[in-house]
Each structure stands twice: as structure tokens, then as C-alpha cells.
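Whatever order the structure lists them in is the order used to number ligands and atoms, beginning at 1. Numbering starts at 1 and runs along the sequence shown.
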Amino acid sequence: MALTHPSKRLEAIPPYMFAELERKVGAKREAGIDVISLGIGDPDHATYPHIVEAMRAAVGDPGTQSYPSNRGRAEFRDAFSRFYADRFGVEIDPETEVIPAIGAKECIYHLSFAFLDPGDVALASDPGYPVYTGGPLLAGAESVLLPLVPELGFAPDLEAIPTEALERSRLAFLNYPNNPTGAVVPDGLFERVVELAREHEILVVHDNAYSETTYDGYVAPSFLATPGAKQVGVEVFSLSKGFNMTGWRCAAILGNAEAIASYWRLKTNVDSGLYEAVQLAGAAALAGPRAELEEMNAIYARRRDLVVGALREIGVAVDPPRGTIYVWAPVPAGHTSTSFCELVLEQAAVVVSPGSMYGPSGEGFFRISLTTPDDRLAEAVERLRAHLA
Ligand SMILES: *Cc1c(COP(=O)(O)O)cnc(C)c1O
């Protein structure tokens, strides 16, 4: 009906490709089959107690109950400044180089509106978080995919980007530790990206959703620790995954002051900022003890080993990731991403995500999330062994 016809912009978003898989899961569940989903990356443990306590106190403070400012509370900006200094060795001016975001997703989406005009290009990691391509499209611009090459440690081949695309590029979206591949940043990549960005005047947006979720002693750097990064880039730091805060919508953008000022200007026209109690809780998260976070990482590492072991037993060649909450693995020979995921669902009543869901370069892979409770994950792994070996 014309009355409810969506905009061309909205219609340009590709249809959701996995409706068919979801329909099959739904049908199985209706038939009484106990389907275990390893599809979604959403921590299964509670937000750490000191964060909840800070929130409790902040909710009762009338000083948090008015409209927040998009600039954010001093406590929030100071906490980020201290965290970036201690954790990453990065100096952040709390006055100009950090403001809150209502989750990384909001921030990444709006950066496209702050920086892209029709005809402009955003370079987007492929496979990658869907907003890297959806944002530019909804903003009336284009995205050009940067295939992450397994042989390069899931780095993009920067030499292979067409000159024509580089000339029109205004943004580049990168993410390490990487969702969905689990890769950590290959040596020298951030340095080469800074160089490319300088040469072609591209604003780099590093999506830092997983720096605190790493294993085997690996410590993830901030993109902003790269020499020259602040001149050409911003980093979006989300508390969602590392601090078990997905529902709280708490993130920040840090780095280039002029870029942050443009994002701020856009946001003053769109939303009214991040609830101040959440800002105070976020500040408490960053300043607080790390024991729970380390414990959470130990849980994920254990689950990772369980999953990797089972996959190897069923003939899947997989490397254990050193970061993120995902195991990314190639499908067995003769399968596509979708056909293998359908087979796993049929045989084992387990849902794994087809890699092609995250972009064309994800074809030939599947993703398993480690955020399923231990007993359910163990059951899923048993089923893979029993039905697919
Ligand atoms: C989960 C995730 C996000 C979402 O972060 P929010 O702060 O919850 O919006 C962003 N980027 C990547 C790569 C993610 O995996």
C-alpha cells in the first residue's frame, strides 16, 4: 500500500538472507525438537556486580534524571581518558577527544550520516558487522567491500583496493579483534592503514568491541596507539561484550577531535544523549576491578577449547581464536555456508551461523558463538560429535 510504502533508501537494504534457516529452526522447535542455538553473540553471564551497584546508586540520584548532554558527563569522559592511558598507553583529552555513544551500533551508523554524501564511499571489512554496509547505504552513499584474506591473517589487502574507490572513500571501517573471524590485528596493519588514510584523506573508524575479550595472554592494542592514528581516525569502544553490558547501550567514540565534533553535531539533531546513570555505571566499569572480566575470559577460553576440539573431531580444520566470543571455521569440502548450517541443524539440532551472513567473503565459513551456557554448549558439542563425525 502506498501509505506504508517504505523509502527507497530502506528498500535498498538487502533482504535478510537467512529467513529460510530461521523458518526451519522455528518448525523444529514447534515439532518439539530441542534446538540449541550457537548463533547469537550476547554474553550469557550477568553484568559485573560493581557496575550494577554503581547503576543502583546513580538511578536514585536526581542529578542523573534530566536530559543528558551529548557531550557526556565529566566522570564518563575522565574514566575513559584514564582507562585509555592505563590500558592502551593512549592519551585522550577528556574535553575534546571522547564523547558517549548509545552503543557502538548507533555510533557507527551515525558516522555515515556525519561524513558521507551521495557518491561517497565507505570501505567496509568483509566479512563484517552489518552496519558497516547498511549505514552508508541508508545515508545515500556506497560501501566498497574490503575482503579479509585468511592467508593475510584476515587483514584486508590494501594494495588491492581499486584506485577509483580510494579516491571516493571518506570512511573505512575496521575491527580487531574481529567479528566474525576471531582474528587479532596482524602485525603492521594499523600502521599501513594510517598511511593509506593520510594519503587518500580517509577517516578510519576502528570498531573496538573486543579488546578486553582475549585469550592465551594476548593483549589487544587500541588503534589509537598507532603513531599518527589520532590525525586520521576514531575508535568506537563498546562496553557491551567485555563487561557483559549488551543491554545497557554504553559506548564511546575517542580520537580525532574534529571528527568527534561532527559526530556530536549530528547527534544533537538526532538523539538526546546517553542516560547519565548509564554513563556513571560505564565509568565504574572502566575504573573497577578486572577480576570478573578475567574470569569471564577464562570461561570463554574453556568453551573455545571444547568447541575447537569437537570441530576437529568432525573433520573441520580450525584455529583457536585469541580474541572475541566466536569460533570461525571453514565448512567441510563440498558444502556452502548455508548447506553446512542446514546439515548441522538437520543432523544435530544445533544452530551455527553461515559465514555468508557477514558478507560475500564469509562464504565457505561458519561461526559459532561462545555465549551459550556451559551445559548447553557441552550438549551441542556432544551432538556434533555424535551426528556429524
Ligand atoms: C557486538 C558488536 C557491536 C555492537 O556494540 P554495541 O555497543 O552493543 O552496539 C559492534 N561491533 C561489533 C564488531 C560487534 O561484534
Heavy atoms under 4.0 Å from ligand 1: which residues qualify?
-> Gly103, Ala104, Lys105, Tyr129, Tyr132, Asn175, Asn179, Asp207, Ala209, Tyr210, Ser238, Ser240, Lys241, Arg249

Any side-chain heavy atom of Arg9 sitting closer than 4.5 Å to one from Leu137?
->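 When only atoms from C-beta onward are counted, Leu137 and Arg9 do not touch, as no gap falls below 4.5 Å.
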
Assess the pair Tyr129 and Phe173: is the distance between their ring centroids shorter than 6.0 Å?
->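 When the ring centroids of Tyr129 and Phe173 are compared, they turn out to be at least 6.0 Å apart.
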
Apply the side-chain contact (heavy atoms from CB on, under 4.5 Å) test between Pro180 and each candidate in Trp328, Phe365, Tyr326; give the one that qualifies.
-> Trp328

Sorted by chain and residue number, the salt bridge (Lys or Arg N to Asp or Glu O under 4.0 Å) partners of Glu346 (sequence neighbours excluded) come out as Lys28

Contacts of type salt bridge (Lys or Arg N to Asp or Glu O under 4.0 Å), residue Glu91, not counting sequence neighbours | none

Sequence neighbours excluded, which residues qualify as side-chain contact (heavy atoms from CB on, under 4.5 Å) partners of Asp157?
->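 In terms of side-chain contact (heavy atoms from CB on, under 4.5 Å), with neighbours along the sequence ignored, Asp157 is linked to Val149, Leu152, Glu159, Ala160.
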
